[in-house]
Amino acid sequence: MAKSYISSSTKQAIFARAQGYCEYCKSPADFTTEPFSIEHIQPQSKNGSNDFLNLALACLGCNIYKSDKTTFIDPVSLQISDLFNPRTMTWEEHFIWDERFTSVVGKTAIGRATIEALHLNRRPLKNLRRALIAIEEHPPK
Ligand SMILES: [Zn+2]
């Protein structure tokens, strides 16, 4: 089945709802070289729709790592956990910044599993966060 169309007005609304930040790693679209994607929280391959409530703004890296995953192993409990859903959960409920604001720390199984699945502390992201701190653009307000 062909992927269905997401209108430019819907894309703009998704970008505005996310305030221009990746809804997973919180990197700002204004400071990345790759265009951000509209990500299906429930993947299209698992019958996820193009409904506004199933879509999230994601940087290219997070979108690629998430792929069609909806669950992943929590590295603490070693149990399978759901991934973070930016439509039904709040980021602060599942994640916190470390003391230097360069790494995301999982507060819950969902947070930890999402950090692992999406590589939310990948080296380029940590470098970007360091650079953004220097110009007072990180952490997000
Ligand atoms: Zn991201």
Side-chain angles (χ1 to χ4, degrees), residues 2-141:
K3 289 187 176 182
S4 47
Y5 175 75
I6 300 170
S7 72
S8 62
S9 64
T10 299
K11 289 177 183 172
Q12 286 172 8
I14 290 163
F15 194 91
R17 178 175 63 189
Q19 300 179 296
Y21 288 90
C22 172
E23 298 193 66
Y24 297 98
C25 72
K26 293 292 179 187
S27 60
D30 280 351
F31 291 95
T32 55
T33 56
E34 307 297 335
F36 275 22
S37 319
I38 304 301
E39 192 269 320
H40 289 78
I41 297 164
Q42 177 70 21
Q44 289 181 296
S45 62
K46 296 177 180 170
N47 298 317
S49 74
N50 275 350
D51 189 286
F52 193 58
L53 296 176
N54 189 44
L55 300 173
L57 186 68
C59 71
L60 186 62
C62 285
N63 196 17
I64 288 171
Y65 282 120
K66 184 169 177 290
S67 185
D68 64 349
K69 297 179 191 78
T70 54
T71 61
F72 207 73
I73 296 180
D74 165 22
V76 172
S77 68
L78 304 181
Q79 302 294 306
I80 291 174
S81 170
D82 287 337
L83 295 182
F84 174 65
N85 180 329
R87 295 288 72 78
T88 60
M89 305 169 187
T90 66
W91 196 90
E92 294 75 15
E93 178 185 356
H94 295 284
F95 307 100
I96 191 169
W97 297 106
D98 71 352
E99 68 282 353
R100 290 189 291 179
F101 296 96
T102 53
S103 291
V104 180
V105 178
K107 294 165 71 175
T108 62
I110 286 170
R112 293 185 298 264
T114 303
I115 289 167
E116 291 295 306
L118 276 63
H119 300 245
L120 294 186
N121 293 317
R122 52 197 186 266
R123 185 182 161 88
L125 273 181
K126 292 172 75 169
N127 289 337
L128 175 65
R129 292 168 188 153
R130 266 188 217 101
L132 291 174
I133 288 167
I135 58 168
E136 300 181 358
E137 292 283 349
H138 180 78
K141 309 289 185 282

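Residue numbers start at 1 and run along the sequence shown. What you see is a predicted model, and the numbers here were worked out from it, not measured in a lab. Just so you know, ligand 1 is whichever comes first in the structure, and atom 1 is the first atom listed for that ligand. Basis for what follows: all heavy atoms, side chains included, without hydrogens, waters or symmetry-related copies.
- R17 forms a cation-pi arrangement with F52, by the criterion of a distance under 6.0 Å to the ring centre and an angle within 45° of the ring axis.
- Judged as a salt bridge (charged side-chain N to carboxylate O under 4.0 Å, His left out), the pairs with a partner in residues 23-51 (not counting sequence neighbours) are, in order, E23-R87, E39-K66.
- Taken to the nearest 0.5 Å, the CZ atom of R112 stands 11.0 Å off from the NE2 atom of H94.
- Aromatic ring orientation, W97 versus W91: tilted (interplanar angle from 30° to 60°).
- The main-chain N or O of V104 is found under 3.5 Å from a side-chain atom of N121 such that the two form a donor-acceptor pair.
- Any protein N/O/S atom under 2.8 Å from the Zn ion (ligand 1) was counted, giving 4 altogether.
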### Query
Do N63 and S37 pass the side chain to side chain donor-acceptor pair (under 3.5 Å) test, and can you show the C-alpha distance, the side-chain angles, and the key distance before you say yes or no?
CA-CA 7 Å; N63 196 17; S37 319; 3.2 Å; yes
